[in-house]
Structures are given as C-alpha cells and as structure tokens.
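In what follows, every heavy atom counts, from backbone to side chain, and hydrogens, waters and symmetry copies are set aside.
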Amino acid sequence: MLTRLSRFGPALPRLLSNSPARFISQSKPAGAAGSTAVTELHPAAEKTGHSEVSPYVKNPDYHGFSSDPVVDEWNMRVGFFFGISVALVIGGTFIHYLPDHGMRQWARREAERVVQQREEEGLPLIDQNYYDPHKIVLTTAGEE
C-alpha cells in the first residue's frame, strides 16, 4: 500500500491539506459591484393580488394529507400506522402461515410413514420393481 502512495510523491501533502468542501459566502455584498453568491435558496415570488399560498408556508410540518395542521398530522399518523405496522405485521404473519409450498413437508412425512410401515412388515425399504409385476397385464407375442 505504501508503494502505491509513493507514486503520488510531492503531490500527496497538497491533496491531504486541501479540504474537499466548497465554501460559499452567504453575506450581502458590500460594494456596488455585487457578488455571485446565492443568498436565498428559493427565488422570491412576485407579490400579486390573490395568489395561492403554499401549504409549506402555512404549516412547516405539512405532510400532504390535509391543509389543516391537526388533521394533517392525524392522517399522517394513521396512514403510517396502517401502512407500516399493520401491513408488516399482518403481511408477515400471513406469509408465515401460508400452506407448504411444493408440499415438501407432506412428502417427508409420507416417506417417513412408508419407511416405518415397510420396516414393521419386514419388507425392504426400496423394492426392485416400482410396480407390482402381478398387476401388470402384458400382451403376448401373438396378439401384437
């Protein structure tokens, strides 16, 4: 790692001394020439007769549910309660108690039951014939 840092040579102290942040003056210009610094984040709107007031101006904690601050906060709390708490809890419970996907648990229980039954009867666990050969009806050579 030090060999990689040595590639920078004399430029390394300069890189470490300069901070990566930019500082912009927010003060009003003192002279008549003016300044290029931005002093306001939002441009001032023209004041005309009847204009629509932003809900953020009337209520700084506006959540977008209602223009009334009390109703807006109540609707936000109810919306978040049902949207997050109930959806996650009931949704997670629903997904947890869904039936066995692909019937994997049932197949394992059934296999264990068949193994136990065959051990009790003294039969081999796996038979060489998948089907009972006495139940298969084969055609003779003359019937073909």
Got more than 12 heavy atoms from elsewhere within 6.0 Å of CD, E110?
yes
Between W74 and V70, does the side chain to side chain contact (heavy atoms under 4.5 Å, CB included) criterion hold? Intermediate values first, please.
CA-CA 6 Å; W74 176 252; V70 175; 5.5 Å; no
State yes or no: do [X] and [Y] share one hydrophobic cluster built from I, L, V, M, F, W and Y residues joined by side-chain heavy-atom distances below 4.5 Å, directly or via other members?
X: M103; Y: V115; result: no
X: L88; Y: I95; result: no
X: Y130; Y: V137; result: no

Salt-bridge contact R118-E121 (side-chain N to carboxylate O under 4.0 Å)
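Result for this pair is no, no salt bridge flagged.
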Once salt bridge (Lys or Arg N to Asp or Glu O under 4.0 Å) is applied, do any residues pair with R108, and if so which ones, sequence neighbours excluded?
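With neighbours one apart ignored, the set is E112.
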Taking all atoms of both residues into account, what is the closest heavy-atom pair of N75 and F65, and its distance?
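N75 and F65 have their closest heavy atoms at CB-CB, 3.7 Å.
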What I'd like to find out is whether the side chain of E119 reaches to under 4.5 Å of the side chain of L125, using heavy atoms alone.
yes
Nearest-0.5 Å distance that lies between atom OH in Y131 and atom CD1 in I136
8.0 Å
Output the distance between atom CE (M76) and atom OH (Y62), rounded to the nearest 0.5 Å.
13.0 Å
Kindly say whether S67 contributes a backbone atom to a donor-acceptor pair with the side chain of D72 at under 3.5 angstrom?
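Absent.
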Between N129 (side chain only) and P133 (backbone N and O only), is there a donor and an acceptor less than 3.5 Å apart?
no
